[in-house]
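Only a predicted model underlies this, so the values are computations on that prediction, with no experimental measurement involved.
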Amino acid sequence: MKKRNRLAVLIPLLFNTPVMALCVLDKVPPLGGVDPMTLSSPALTIYIDADQKASTTTPIDVVSTPTSQLISYLCIKDQDIYGKNVLPPLTSAGAAGMFTTLIDGIAIKPLFGNNKGMGTFNSERTVSQARMNFSTASFYKAEFYKTRDRLDLQNPDGDIVMNSGPIAFNWMNIANQDNAALTFNLGEIHIISTPVCRLDGTRTVDFNNVNSSQLRAGVSRPLNFSLVCATDYGSYTAKAALTTQTATSDNKFIKVFDSLDNPDVMKIEVRDSKGKSLPLDGLTGEVQQNVTSEVPADFNWTAILSAASDTELPQNGKFRAQAEIVLDLN
C-alpha cells in the first residue's frame, strides 16, 4: 500500500478595511471651545393685515437667537463632512429653503448665520480645513412668509403657527441629532390677523328746501352706507355707532346750525335699520353679525330733521350739521 504525502500550503489572506476618520470635538485651550449648544429664540406673535399679499421674498416677521460660544472640531481636511438639517415636523413648502407650519399659507425659513453670511436648510459639505469652528458670531434666525393671499384662521386671540421646540441643527460627521454641534430651539409662534375694511365714501344727507310745517312734522332722508371687510377668520361682525361734537343734552339729537349759526332751533335724529333711535355716544349702535369676508355689511339708517323749538323758527338760508360714524370690528 502506497503512502500518500500531504502538502500543506499556507496562503496569507489580507483583509483591507478602510478606517474612517471623524471630526473630534476639541475643548483643549487655547484653540478649543465648549460642548455642543442649543440656541433658543423667544416666543413671537406675528401681526398682519388681512389684505397683505402673499410673498416668498418679503417676510412678515423674523425671530433670532443669541449668538453661540466657540465650538471647535479637529477634522481630516477634504474628507470629513458637516451640514445642517431641519427636524420634524418641518416639511418642504415648495419654495427654496421654506418649510410648512401649522397654518396653511404661512411658511418658515430657518437660517444659520455667522460673520461669513447666512445659509438656508438643508445642506451638506466637505470640511476644507483641519479645524472646523462654529464661531462666537454663529446664530439662528427664522423668517416667516405669507404664501397665500387669504388664510384660514380660527382664534382672534392668536392661532399657533409653530409649537416651541427644536426645529433644526448643525451636525458634524453624520446627519443626526447625536452629532449636533448647534441646535435651533424655536419659541412658540402665534399669528393674529387684523380685518381690513373700506367704507363706501363720505355721506352727505341733503334735506333740500324745508318749510316750517315740514320741519314741525319732521323730514326724513335715507342715510345708507356699506362696509366691506376682508378677514382671515372667514366672517366678521361690524358695529356702527354715531357720535357728534354738537349733541343735545340728552345725547339723542344732533344740533343743526341755521344760516346765523343758531344751534337751538333744529335737530336731527338718526334711526338704525330697524327704526331704533341711535344715541350719540359712539358706543351703542347697530350690529351686523357673521358677515362673510368681502361681502358688504349694509346699514340702512334714516336721518330725521325736526324743529327743536316750539316758538322760534330758523333763519332762511343754508343749515348744517355734522356727525361721525364709529365702526367697531370683530
Side-chain angles (χ1 to χ4, degrees), residues 22-47 56 58-75 80-93 95-103 106-129 131-145 158 160-191:
L22 298 177
C23 292
V24 177
L25 181 68
D26 180 19
K27 296 170 60 178
V28 180
L31 299 180
V34 300
D35 285 320
M37 296 181 64
T38 294
L39 302 179
S40 297
S41 64
L44 171 71
T45 298
I46 301 169
Y47 293 92
T56 56
T58 303
I60 55 176
D61 218 327
V62 178
V63 68
S64 299
T65 70
T67 54
S68 168
Q69 297 183 53
L70 174 66
I71 302 171
S72 186
Y73 289 84
L74 296 175
C75 304
D80 292 327
I81 60 173
Y82 68 100
K84 54 186 183 294
N85 285 72
V86 296
L87 291 164
L90 296 189
T91 58
S92 175
M98 291 190 185
F99 299 87
T100 58
T101 68
L102 296 176
I103 302 296
I106 299 295
I108 181 173
K109 179 189 280 188
L111 298 160
F112 172 71
N114 51 35
N115 51 0
K116 296 180 181 179
M118 302 294 297
T120 58
F121 288 76
N122 296 319
S123 69
E124 179 179 313
R125 288 182 173 81
T126 301
V127 174
S128 61
Q129 52 194 5
R131 181 178 291 274
M132 173 72 182
N133 284 338
F134 292 87
S135 74
T136 54
S138 301
F139 72 103
Y140 291 107
K141 179 168 73 170
E143 296 177 344
F144 295 90
Y145 292 82
I160 297 177
V161 177
M162 293 287 296
N163 290 309
S164 60
I167 63 165
F169 65 104
N170 288 61
W171 51 267
M172 299 298 300
N173 304 315
I174 303 172
N176 60 41
Q177 281 186 278
D178 291 337
N179 290 277
L182 284 171
T183 300
F184 183 4
N185 190 77
L186 183 73
E188 190 169 73
I189 308 296
H190 290 79
I191 188 168

Taking side chain as C-beta onward, heavy atoms only, is L25 less than 4.5 Å from P36?
yes
Would you say the side chain of I167 lies within less than 4.5 Å of the side chain of I108, judging by non-hydrogen atoms?
yes
CD1 on I174 to CG on D80, rounded to 0.5 Å:
10.5 Å
V63 side chain reached by P42 side chain, heavy atoms, under 4.5 Å
yes
Are a donor atom and an acceptor atom from the side chains of S72 and N133 found within less than 3.5 Å of each other?
yes
Keeping the roles fixed (side chain from N179, backbone from W171), state whether a donor-acceptor pair exists under 3.5 Å.
no
If you round to the nearest 0.5 Å, how far is CE of M37 from CG of N185?
12.0 Å
Would you confirm whether S138, through its side chain, and S68, through its main-chain N or O, come within 3.5 Å as a donor-acceptor pair?
no
Under 4.5 Å between any side-chain heavy atoms of F112 and L182, yes or no?
yes
Are the side chains of K141 and T65 in contact, using a 4.5 Å heavy-atom criterion?
no
How close do P59 and E143 get, counting heavy atoms only, and between which atoms?
CB-CB, 4.1 Å
Would you name the heavy atoms of G97 and T120 that are closest together and state the gap between them?
CA-CB, 4.3 Å
Kindly compute the distance separating CG (L87) from CZ (F121), expressed to the nearest 0.5 Å.
9.0 Å
Measure across I189 and I46 and return the closest heavy-atom pair with its distance rounded to 0.1 Å.
CG2-CD1, 3.8 Å
F99 vs M162 side-chain heavy atoms within contact, under 4.5 Å:
no
Minimum heavy-atom distance between M132 and C75, given as atom pair plus value
CB-SG, 3.9 Å
If you compare all heavy atoms of N173 against all heavy atoms of C23, which two are closest, and at what distance to 0.1 Å?
OD1-N, 2.8 Å
Validation row: R131, L74 side chains within 4.5 angstrom (heavy atoms):
yes
With T91 via side chain to side chain donor-acceptor pair (under 3.5 Å) - residues at least two apart:
T100
Could you check I106 against I60 for side-chain contact (heavy atoms from CB on, under 4.5 Å), going step by step and ending with a plain yes or no?
CA-CA 9 Å; I106 299 295; I60 55 176; 3.9 Å; yes
Distance from E188 atom CD to T45 atom OG1, nearest 0.5 Å?
8.5 Å
Do the ring planes of Y140 and F184 sit parallel (below 30°), tilted (30 to 60°) or perpendicular (above 60°)?
parallel
Interatomic distance, K27 atom NZ to I71 atom CD1 [nearest 0.5 angstrom]:
11.0 Å
With distance as the sole test, does N122 use its side chain to make a donor-acceptor pair with the main-chain N or O of V86 at under 3.5 Å?
yes
What residues, two or more places apart in sequence or in another chain, satisfy side chain to side chain donor-acceptor pair (under 3.5 Å) together with D178?
none
Nearest 0.5 Å, what's the CG-OG distance between N170 and S123?
7.5 Å
Return the minimal non-hydrogen interatomic distance between G32 and L70, and the atom names on each side.
O-CD2, 3.7 Å
Evaluation steps, side-chain contact (heavy atoms from CB on, under 4.5 Å), between M118 and F139:
CA-CA 9 Å; M118 302 294 297; F139 72 103; 3.6 Å; yes
Would you say the side chain of I81 lies within less than 4.5 Å of the side chain of V127, judging by non-hydrogen atoms?
no
